[in-house]
Amino acid sequence: MAAVMPTWTPPPEPAPAVKERLPKLSIYNTLTRSKTPFVPVDPEGKKVTWYACGPTVYDDSHLGHARNYVSTDILRRILVDYFKYDVKFVMNITDVDDKIILAARQRHFLEQYILEHPQVDNQAIESTSQALQAYILVHLPLLANDLSLSSFPSLLQEKYGHVLVGKSLANDGTPPGDKEAKVKMHIKTAASAAEALADTEVDATLFYHKASGVLRPFLDTKLKTTIDSRDHSVFTTMTKEYEKRFFDDLGALNVRPPDVITRVTEYGPQIVDFVKKIQDNGFAYEHEGSVYYDTKAWESSGGIYARLEPWSKNDKDLQADGEGALSNDKTSFKKSSADFALWKSSRPGEPGWPSPWGEGRPGWHIECSCMASDVLGEQFDIHSGGIDLAFPHHDNELAQSEAYWANGDKERKQWVNYFIHMGHLSIQGAKMSKSLKNFTTIREALQQGLWTPRSLRIAYLLGNWRDGLEITPEVVSTGNAWEDRMTNFFLKASDLKRNPTSHSASNGNASANDSGSVVLKALETAKARVHDALLDSFDTPTALRAMSELVTAFNSEKNVPDPTTFEVASWLTSIINVFGLDASPRDDQVGWSGIDIPEIAKDYVHAASAIRDEVRRQAIKGQITDPIGAAGVDTSLTTKLPASPAAQPYQAVLCAFQTEIETALSNSSPAKVFLQLSDKLRDGTLWNLGIYLEDRENQPALVRPLTASLKEERDNREALAALKLQKQAEVKQKAEREARERLEKGKLDPRQMFRTEEFSAWDEEGLPTKDKEGNDVAKSRSKKLKKDWERQKKLHEEWKVAQGK
């Protein structure tokens with residue numbers, strides 16, 4: 001029996017000089033399920049080869065995909081920009097598979113149908129009705145009997161109402177899951193088509209939009225056999241469009257493009273050769289035009305199958321997911337249930353390439369094996385993807401690639417040394433999924449302002465790349481707080497270039513000397529902590545905490561020398577650039593872009609701010625003389641037209657503020673008027689232009705862009721003020737109401753208040769002396785009645801006063 005390959009073979013020890021130079025980096029390796037010292041295949045230890053599984057391009061990418069690609073980008077940047085490796089990064093584009101074939105055909109047939117029926121004619125209505133019935137029969141079978149448009153809402157509530165309110169399909173108390181999520185999705189699709197049919201007078205565009213979910217599969221079932229398997233344009237038209245959108249989305253998220261992009265449709269002949277060699281090596285067999293990997297033959301030769309997730313080896317659901325449409329076929333011919341397709345015989349309506357086994361197309365897993373081997377060779381360093389790809393995709397890749405490179409009795413190489421898998425992203429406990437249609441696309445999230453590229457990346461950095469990440473309000477809040485803390489520090493550091501301070505250790509300032517020493521020590525500690533964290537399998541959460549604590553240490557000190565501040569800012573800037581938190585860094589830039597006001601606004605806003613600083617300084621002293629002259633503002637700023645029309649609003653602000661101050665001076669206005677004008681500039685005029693002046697003690701105001709946190713802070717402050725006013729108004733209204741009720745009660749003369757049937761005799765003041773039976777009123781009761789009478793007398797006197805009597 002052949003010797004069994006080890007689960008993982010460590011890369012060869014590098015030469016002593018190379019080993020000494022290499023960083024002591026460990027990476028969590030799915031092959032070992034542990035942190036493993038990272039040693040590149042390159043004998044010099046400089047080059048790193050990396051293959052990343054790219055997208056299946058049939059729809060827009062969502063935030064779950066972004067977790068994978070942004071996290072991958074972060075790790076790649078750390079290797080390149082921090083550890084200075086020369087990384088060759090290869091990404092594939094899956095532009096042919098079962099999902100793509102189905103989506104492309106359905107889109108093609110729907111577009112054709114709409115061209116043939118641009119208006120909602122009788123045939124369109126009939127086709128949509130048939131399509132809805134067919135859809136319900138497959139996906140919502142409880143509705144299939146006696147269904148009509150009129151009965152649809154009530155029948156839907158009767159049969160699936162419990163699912164819609166969050167119960168399981170079985171309605172047995174078990175928690176709902178993916179099955180229920182799919183039912184809800186199908187209900188939404190069917191209900192949308194039913195709405196379209198109920199209002200056929202609606203605009204055709206809206207009709208087809210609502211009905212598309214049922215029309216697509218219906219038309220595909222009828223027409224798919226009309227597709228020419230050699231004409232790939234039906235499929236590539238769609239995949240090219242979504243590939244472009246994918247890279248546009250990644251660009252918006254500041255993800256670096258791959259060094260090499262490979263596409264399945266461009267590798268048809270090479271994949272045929274790759275599969276043929278695996279078969280020639282004895283590790284594959286053919287059945288009815290499809291070729292299957294022989295897991296038993298591989299294991300008999302000493303290979304190991306399912307090295308990444310051995311516990312998933314016999315998972316029928318995962319196996320079926322990996323086989324796609326072939327999972328519906330009879331599998332009794334397979335030598336093992338774990339065997340999987342390398343090459344699939346093309347069915348009617350599917351694209352095909354010529355092969356020794358007939359017209360066919362690549363299996364899902366073989367594409368990556370062929371393309372990665374073609375670009376990177378027999379062995380490379382890193383293979384990455386989402387954790388859901390570990391089995392069967394990556395396990396199958398590993399087995400078939402090593403079977404391809406197997407050469408008789410020659411010692412077999414490990415195809416990949418390090419598998420790294422990114423954790424899932426979930427929101428409110430639900431994993432994002434295209435099949436469940438419960439996702440937010442990247443472009444939607446950015447366009448709607450749900451996230452910025454930076455805030456999204458920070459959220460991913462706050463979690464370990466290999467762990468699942470759930471987006472909760474706490475995660476969002478933590479990310480925003482970290483970003484604000486860094487932004488505030490960078491603003492202060494940037495402002496020092498315009499407004500240098502006088503405290504400097506070089507001038508013999510003991511306080512500055514002490515502060516500088518404390519901050520420099522904190523800087524060295526932060527550098528060491530970040531370095532150790534990145535060596536420890538790219539531990540970015542720890543790195544971000546170290547950066548935050550450095551800023552806290554800086555903020556705790558007063559009179560920090562400017563050079564020390566710049567040194568801290570320079571290092572923090574270098575790390576945020578390593579993490580890709582700035583899309584357009586400049587060599588001379590402190591911090592990240594977007595924390596400064598527009599360039600065309602600077603001269604005018606800084607001039608207005610300087611005048612305001614002088615106004616406030618003089619107002620606090622109690623004597624306002626000539627703040628405009630004292631501010632030393634360039635007069636040409638208000639007399640010459642700006643070079644750019646876009647600068648005119650900012651010049652208008654400066655001119656208006658200067659005029660207001662001059663008017664107040666000519667009127668000899670009190671200091672409070674000048675302070676009110678200063679507040680108006682800060683809280684109104686500039687605020688509405690997206691600029692904020694942050695007042696500081698004994699320093700010029702800090703000019704900064706308006707941020708979401710500043711807006712939220714002001715909104716909260718205004719909401720609290722409004723709540724306070726509301727409560728005050730409620731208290732006043734209550735008091736007024738009670739006063740009215742008191743006066744109304746005081747109308748009654750106390751001499752008349754007890755003249756009721758309850759009593760039969762009264763004294764001259766109207767107090768009862770005998771009850772209705774003629775008996776004397778008891779003394780105890782008389783005392784109580786007297787007290788009530790006195791209270792009413794007081795109320796009555798108040799009423800008479802209010803009436804002017």
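Both backbone and side-chain heavy atoms feed into the values below; hydrogens, waters and symmetry mates do not. Since the structure is predicted, the reported quantities are computational estimates derived from the model, not experimental observations.
Once rounded to the nearest 0.5 Å, the distance linking CZ of R67 with NE2 of H424 reads 10.5 Å. Atom CG of L425 and atom CG of L63 lie 6.5 Å apart (nearest 0.5 Å). Taking CG of D683 as the start and CG of N688 as the end, the distance is 10.0 Å to the nearest 0.5 Å. Atom OG of S709 sits about 8.5 Å away from atom CD of E483, to the nearest 0.5 Å. Note: E444 CD to I442 CD1 = 10.5 Å, rounded to the nearest 0.5 Å. In this structure, S34 OG and I27 CD1 are separated by 12.0 Å, a value rounded to the nearest 0.5 Å.
Of the charged side-chain nitrogens involved, none lies within less than 4.0 Å of a carboxylate oxygen, so that K88 and D259 do not count as a salt-bridged pair. Look at E718 and R714 and you find a salt bridge, because one of the NZ, NE, NH1 or NH2 atoms lies within 4.0 Å of a carboxylate O, short of that distance. Residues E713 and R717 are paired through a salt bridge, judged by an N-O separation under 4.0 Å between the basic side chain and the carboxylate. Using a 4.0 Å cut-off between a side-chain N of Lys or Arg and a carboxylate O of Asp or Glu, K497 and D588 do not qualify as a salt bridge. Checked for salt-bridge contact, D249 and R245 miss the test: no charged N lies under 4.0 Å from a carboxylate O. Residues K521 and E524 are not paired through a salt bridge, judged by the lack of any N-O separation under 4.0 Å between the basic side chain and the carboxylate. Ion pairing between R263 and E243 holds under the 4.0 Å rule for side-chain N and carboxylate O.
Using a distance-only test at 3.5 Å, with no hydrogens or angles considered, a donor-acceptor pair links the side chain of D562 to the main chain of T501. Here the side chain of E180 pairs a donor or acceptor atom with the backbone of G177 at under 3.5 angstrom. Remark: side-chain polar atoms of T441 are not paired, donor with acceptor, to backbone N or O of H62 under 3.5 angstrom. S494 places a side-chain N or O within donor-acceptor distance of the main-chain N or O of F490, the cut-off being under 3.5 Å. Side-chain atoms of N254 come within 3.5 Å of backbone atoms of D582 as a donor-acceptor pair (strictly under, hydrogens ignored). A donor-acceptor contact shorter than 3.5 Å is absent between the side chain of E557 and the backbone of D514. For Q589 (side chain) and G591 (main-chain N/O), a donor-acceptor pair under 3.5 Å exists by modelled atom type. No side-chain donor-acceptor contact under 3.5 Å links T565 to the backbone of A493. Of the possible donor and acceptor atoms, none in the side chain of D381 sits under 3.5 Å from a partner among the backbone N and O of V416. Between the side chain of K179 and the backbone N or O of P176, no donor-acceptor pair lies under 3.5 Å.
Taking both residues in full, the closest heavy atoms of P11 and N417 are given as CG-ND2, 3.7 Å, listed atom of the first, atom of the second, then distance. Listed here is the closest heavy atom pair of V519 and A553: CG2-O, 4.5 Å. Taking all atoms of both residues into account, the shortest heavy-atom contact from P14 to K19 is CG-CB, 3.8 Å. Considering all non-hydrogen atoms of both residues, A569 and V590 come closest at CB-CG1, 3.7 Å. Between S168 and V163, the shortest heavy-atom distance links the atoms O-CG2, 4.2 Å. Nearest heavy atoms, G423 versus I387: CA-CG2, 4.3 Å.
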Working note: D532 + K527, criterion salt bridge (charged side-chain N to carboxylate O under 4.0 Å, His left out); need CA distance, chi angles, decisive distance, verdict.
CA-CA 9 Å; D532 290 344; K527 285 181 177 179; over 6 Å; no
Could you walk me through whether L550 and R529 pass side-chain contact (heavy atoms from CB on, under 4.5 Å), step by step?
CA-CA 11 Å; L550 171 59; R529 287 187 62 199; over 6 Å; no
Stepwise side chain to side chain donor-acceptor pair (under 3.5 Å) test for T542 and D539:
CA-CA 6 Å; T542 297; D539 182 3; 2.6 Å; yes
Begin from the C-alpha positions of F391 and W311 and carry the test ring pair (Phe, Tyr, Trp, His ring centres under 6.0 Å) through to its verdict.
CA-CA 10 Å; F391 186 90; W311 56 87; 9.1 Å; no
From CA spacing to verdict: side-chain contact (heavy atoms from CB on, under 4.5 Å), M91, V260
CA-CA 6 Å; M91 179 185 285; V260 180; over 6 Å; no
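Using a 4.5 Å heavy-atom cutoff, the side chains of F38 and Y85 are in contact. Using a 4.5 Å heavy-atom threshold, the side chains of E470 and V475 count as separate. No side-chain heavy atom of F419 sits less than 4.5 Å from a side-chain heavy atom of S384. Contact check for K46 versus R21: side-chain heavy atoms found under the 4.5 Å cut-off. Between T707 and E712 there is no side-chain heavy-atom pair separated by less than 4.5 Å. When side chains are defined from C-beta on, T540 counts as touching I78, because their heavy atoms get closer than 4.5 Å. Inter-residue side-chain proximity for V90 and T262 is flagged as met; some heavy-atom pair is nearer than 4.5 Å. Residues L523 and F554 are not in side-chain contact: their nearest non-hydrogen atoms beyond the backbone lie 4.5 Å or more apart.
Ring orientation note: the planes of W465 and Y28 are nearly perpendicular, at an angle over 60° on the 30°/60° scale. Aromatic ring orientation, W482 versus W592: tilted (interplanar angle from 30° to 60°).
Note: H383 and Y418 fail the aromatic proximity criterion, with ring centroids not under 6.0 Å apart. The aromatic ring centres of Y58 and Y242 sit 6.0 Å or more apart. Ring-centre distance between F538 and Y82: not below the 6.0 Å cut-off. Checked against the 6.0 Å centroid criterion, the rings of F89 and Y51 do not qualify as a close aromatic pair.
With a 6.0 Å radius and a threshold of 12 heavy atoms from other residues, nucleotides or ligands, K244 has its NZ atom at or below the threshold. Enclosure of atom NZ in K602 by more than 12 non-hydrogen atoms of other residues, nucleotides or ligands within 6.0 angstrom is indicated. Other residues, nucleotides and ligands contribute over 12 non-hydrogen atoms within 6.0 Å of the CD atom of Q448. Under a cut-off of 6.0 angstrom, the local environment of NZ in K47 is sparse, with at most 12 non-hydrogen atoms contributed by other residues, nucleotides or ligands.
A donor and an acceptor atom, one from each side chain of W364 and T94, are nowhere located under 3.5 Å apart. A donor and an acceptor atom, one from each side chain of S26 and S537, are nowhere located under 3.5 Å apart. With 3.5 Å as the limit, one finds a donor-acceptor pair spanning the side chains of E474 and T472. No side-chain donor from either of N499 and Q699 sits under 3.5 Å from a side-chain acceptor of the other.
R682 forms no cation-pi arrangement with W687, by the criterion of a distance under 6.0 Å to the ring centre and an angle within 45° of the ring axis. A cation-pi geometry, defined here as NZ or CZ lying under 6.0 Å from the six-membered ring centre and within 45° of its normal, does not hold between R704 and Y692.
Each of H421, R307, R466 was compared with T30 under the side-chain hydrogen bond (donor to acceptor under 3.5 Å, both in side chains) criterion, and only H421 meets it. Evaluated for a side-chain contact (heavy atoms from CB on, under 4.5 Å) with L253, the options T452, D73, L446 yield exactly one hit, L446.
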